[in-house]
Amino acid sequence: MAYTAIEGDSESAILPRTAYRRMDSYAAEGSASSGSSIEKSERITYGLGISEDERDNNIPRKPVSTTGSIHGRGSISPSMPSMQYRITDATSTPRNPFENSRSEPESNSSTPLYAPRFEDNPYDGARFGTMLEEDDITRAKSASGLDEIELEEGQQPFCGINGNDSYNYNGSIGVFQGCPTNHDIHSSRKSWLSISILLLSIYSTLFSGLWLILGFWQPRYGRKIISNGQITPATASTLFALFAKTIELSFVTVFVSFLGQVLTRRSLSKDSRGVTISEFSMKTWVIQPAFMITNFKNMRHASLSILGGLALAAAFVSTFYTTASDSLVSPHLKLGNLKGKIMKSLVKTSYANPYYVSANCHIPIDAAADTFAAESCVNIEHAGQAYQNVLSYLATWKQLNASNEEASTDLSNRPLPTAILLDNTTAISVTGSWVHTSDSNIGAAYDKYERLVNNVTMSMPHAAVFAAARDPVNKILQPEDLDGLGEYYLRAAVVSPTVNVLCVEMNSTELKPLVYVKWPGALTNESVSLPGQRVAWPGYEKNVTKEFAAKPFLNRTVVDDIFEWGEKYARFPPVFPMLPIDYNSILNVSVAQSDSNYLLIKSPTTTNYTMCQTKSWLSPDCSTQYNVSGTSGGHLRSHCNIPRDAMAYKQVVPGASTGKPSGDYRNVAAQLLLSLALNTGISNANASSARILSQLVPVLSGPGKVTLSREKPSIAETLAVMSASSLLLSSRDSRLNHTWRDPNSPEAYESFDAMLASEEYTSGPTSNWQKIFYVVLFLVFLINVFCLSYFLIISGLVTDFTDSQNLFALAVNSPPSRSLAGSCGAGPKGYQLMVPWHIGQESGTYHYFIKEGDLQPDPETARQRKSPAFDPAITYQKLRTGKSWL
């Protein structure tokens with residue numbers, strides 16, 4: 001069976017309203033069509049009557065003329081008469097076109113592998129005639145090898161050759177007339193496509209603008225995002241990531257649609273330069289950014305235009321948008337700037353109220369069972385914390401010695417006092433400050449008084465600041481509110497509990513007015529533990545009271561001006577029952593109308609004795625700082641001796657003066673000193689605490705040279721550190737101002753000034769280098785605004801011919817082009833990427849197709865037209881016989 005294309009006028013060979021169908025599309029059972037039929041028993045054959053077994057081997061053909069075709073497309077010169085190809089019967093002896101693939105074919109034969117090359121028959125605007133190769137036939141682009149089908153009423157014709165011989169824009173005959181579009185390429189503003197694109201553009205613009213504002217504004221979300229709130233940190237992170245992803249997806253969708261509209265409208269405009277293949281790939285840059293790396297040459301040809309630069313920017317920002325959102329917009333824990341804040345503290349008592357201190361020491365023994373239960377509890381608390389504090393302080397000195405470092409003789413540069421504030425669940429480390437250091441110059445004091453005077457003043461932070469920071473009324477996020485990761489910095493302008501320890505060296509003669517056993521007529525007993533030692537009789541206090549009644553300030557001493565005793569100062573001196581032996585100390589915590597406690601201690605390194613006085617008051621010279629972190633814990637610290645410190649209490653409250661020493665603190669300190677076994681010298685008990693203190697008494701370091709030791713702390717420093725815990729207990733829940741309200745009034749909140757820098761979930765960069773992502777947020781918003789403006793201005797949308805499905809349909813229904821010769825295997829290269837293309841429409845049939853615009857070939861055109869250095873048949877055969885995995 002053979003089909004022959006009729007020579008002559010093609011218009012007479014093809015009827016109007018006639019469609020052509022490939023023969024191999026029929027079932028073997030024999031679907032009847034107008035003009036031909038296939039018997040049910042006949043084996044299925046293909047387009048030219050070739051059997052299924054023979055189809056893969058060869059396709060016999062006998063050309064009437066040796067006129068070739070361009071890449072298998074049967075084109076002939078317009079100057080030549082219309083030639084005919086006769087398809088021979090399938091029984092003819094075939095010639096394998098793949099044999100001797102490197103030898104030249106016979107002059108009167110034509111095979112798919114040896115179609116004339118361009119240099120043999122260059123493209124010269126040849127018309128499409130009836131000379132067609134096999135792939136033309138199997139694609140149903142010729143009447144040859146097709147069954148003619150009569151169309152039913154209203155049925156649209158298939159795309160086929162119309163015989164009107166009209167030329168298309170590529171100089172070829174209009175082979176696709178008779179295939180009109182089923183729908184208009186323009187859709188109105190009211191169409192779902194236009195509305196959906198517009199809504200996506202509005203969404204992307206609004207939210208990208210919101211993201212940009214959040215990135216620059218950097219709002220703090222406070223209690224809106226906390227671990228135990230309605231929005232947890234994990235939920236917030238997920239929500240922000242979700243919105244960022246939707247912004248990215250909508251942005252990509254909108255911009256890709258914008259590119260499609262611009263490129264399609266340009267290709268349709270007769271006054272435009274058209275669209276190149278490189279520009280067709282712009283959408284792929286945005287959808288697949290890595291495409292720009294793998295196909296850099298494509299990008300190079302299109303990126304230099306304004307639209308190309310815009311596409312490059314869109315590809316860049318869409319790639320990094322979620323990263324930019326995570327860095328600049330998603331909530332992160334971030335420490336804010338230091339800002340002023342009026343805080344409140346619940347004041348329940350006055351400073352150093354011994355009854356309140358005792359009542360807040362919790363043990364399961366009530367007052368009904370033991371009247372002294374609370375006092376005993378406080379003594380244990382004092383002793384435990386004081387021993388812990390002093391051991392930590394002495395360990396610091398030990399480390400200095402081990403590292404061969406020498407401490408300064410200037411008190412302000414010596415190791416700072418430390419303590420521990422025990423809360424119900426937390427241990428807060430505390431650091432105090434040495435203050436009034438100008439009065440602590442032991443050398444200057446020696447020159448003035450001709451004796452060793454160890455004078456030390458220490459200020460500790462106010463413990464009530466810790467409670468105020470955790471009070472919900474101040475709305476400060478705690479680390480546990482932020483998954484245990486938060487932190488904050490608080491600087492409070494409050495008074496600071498301060499203790500002064502004054503230790504003076506005295507010999508036994510100078511101590512006679514102050515030691516009962518040295519008084520004339522004193523009633524004494526002999527010591528049981530140390531033969532020859534005289535001790536006071538048990539009722540010696542009665543004799544001391546009588547002596548004070550007769551002579552209120554007793555006799556003058558050589559140290560009255562140092563300790564401020566006597567009528568001049570209206571302060572009474574202490575009286576001790578006896579002199580302690582080496583390594584022992586004796587206390588006097590019962591001086592009438594006094595604000596101080598006294599300790600008399602004997603050092604084994606000197607024949608003299610040392611008397612120490614302790615007293616406390618609330619100082620306005622410092623401020624209290626509280627730092628807390630979920631990872632490192634809390635730290636309370638006093639800030640003193642800072643010139644022009646704006647947060648020092650006396651700077652915030654002008655006119656605040658140093659308060660008088662607290663008489664209540666003497667009672668608290670008495671319990672502390674007694675709990676530390678510092679009064680056991682009356683029985684020569686050799687207590688460990690007194691033994692250590694006695695060896696810290698300063699001594700003369702050389703003739704005329706008096707300084708603090710560089711290897712160990714002084715006794716005054718150590719006693720101050722021992723007193724640190726009592727200062728913290730005395731200031732807990734107490735007033736933070738220098739004035740005191742009515743002590744009979746119920747507990748109430750007291751305001752104080754503070755500076756707060758807290759860590760909250762915040763938008764914005766956490767590192768300076770992340771600010772580079774502001775460019776991404778800004779460009780996305782700017783491009784979104786531009787695209788939205790474009791979609792609002794244009795009247796509806798046109799079919800996006802840059803979409804793969806639309807471009808495929810357009811391409812297969814368009815004639816071949818000389819400019820893309822050789823690109824069917826590995827795609828277009830070089831100058832082919834710069835060929836401009838337009839979308840045309842055939843008049844009458846309204847068929848759309850791609851037409852080639854004007855081309856200015858580059859110098860590489862000739863090189864790219866040379867014969868390939870490979871065998872296309874071998875490559876194709878290998879791929880054709882291989883199996884697909886999926």
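Heads up: numbering here begins at 1 and tracks the sequence.
Screening residues 550-627 for disulfide (SG to SG under 2.5 Å) gives Cys503-Cys612, Cys622-Cys640 as the qualifying pairs, with residues at least two apart or on separate chains. Pairs of residues two or more places apart, or lying in two chains, that qualify as ring pair (Phe, Tyr, Trp, His ring centres under 6.0 Å) and include a residue from residues 643-677 are Tyr649-His738. Judged as a salt bridge (Lys or Arg N to Asp or Glu O under 4.0 Å), the pairs with a partner in residues 708-730 (not counting sequence neighbours) are, in order, Arg414-Glu717. Residue pairs satisfying the salt bridge (Lys or Arg N to Asp or Glu O under 4.0 Å) criterion with at least one member in residues 610-621, sequence neighbours excluded, are listed as follows: Asp621-Lys650. Residue pairs satisfying the salt bridge (Lys or Arg N to Asp or Glu O under 4.0 Å) criterion with at least one member in residues 562-581, sequence neighbours excluded, are listed as follows: Arg571-Asp595.
Between the side chains of Ser392 and Asn389, no donor N or O sits under 3.5 Å from an acceptor N or O. A side-chain N or O of Asn500 and one of Asn455 form a donor-acceptor pair less than 3.5 Å apart.
Of the possible polar contacts, none joining the Glu747 side chain to the Val347 backbone as a donor-acceptor pair under 3.5 Å is found. Judged by distance alone, with hydrogens and angles left aside, the side-chain atoms of Asp471 form no donor-acceptor pair with the main-chain N or O of Ser345 at under 3.5 Å. No donor-acceptor pair under 3.5 Å is formed between the side chain of Ser358 and the backbone N or O of Tyr355. Formation of a donor-acceptor pair under 3.5 Å by the Ser632 side chain with backbone atoms of Ser629 is not found in this model. For the pair Glu750 (side chain) and Asn737 (backbone), a donor-acceptor distance under 3.5 Å is present.
Across all non-hydrogen atoms, the minimal contact from Val453 to Ile442 is O-CG1, 3.5 Å.
The residue from Thr418, Leu727, Leu728 that alone fulfils the side chain to side chain contact (heavy atoms under 4.5 Å, CB included) condition with Val430 is Leu728.
Annotation: the span from Leu678 atom CG to Leu673 atom CG amounts to 6.0 Å, rounded to 0.5 Å.
For Ser376, there are no side-chain hydrogen bond (donor to acceptor under 3.5 Å, both in side chains) partners at least two apart in sequence or on another chain.
Between Tyr516 and Trp519, the gap from one ring centroid to the other is short of 6.0 Å.
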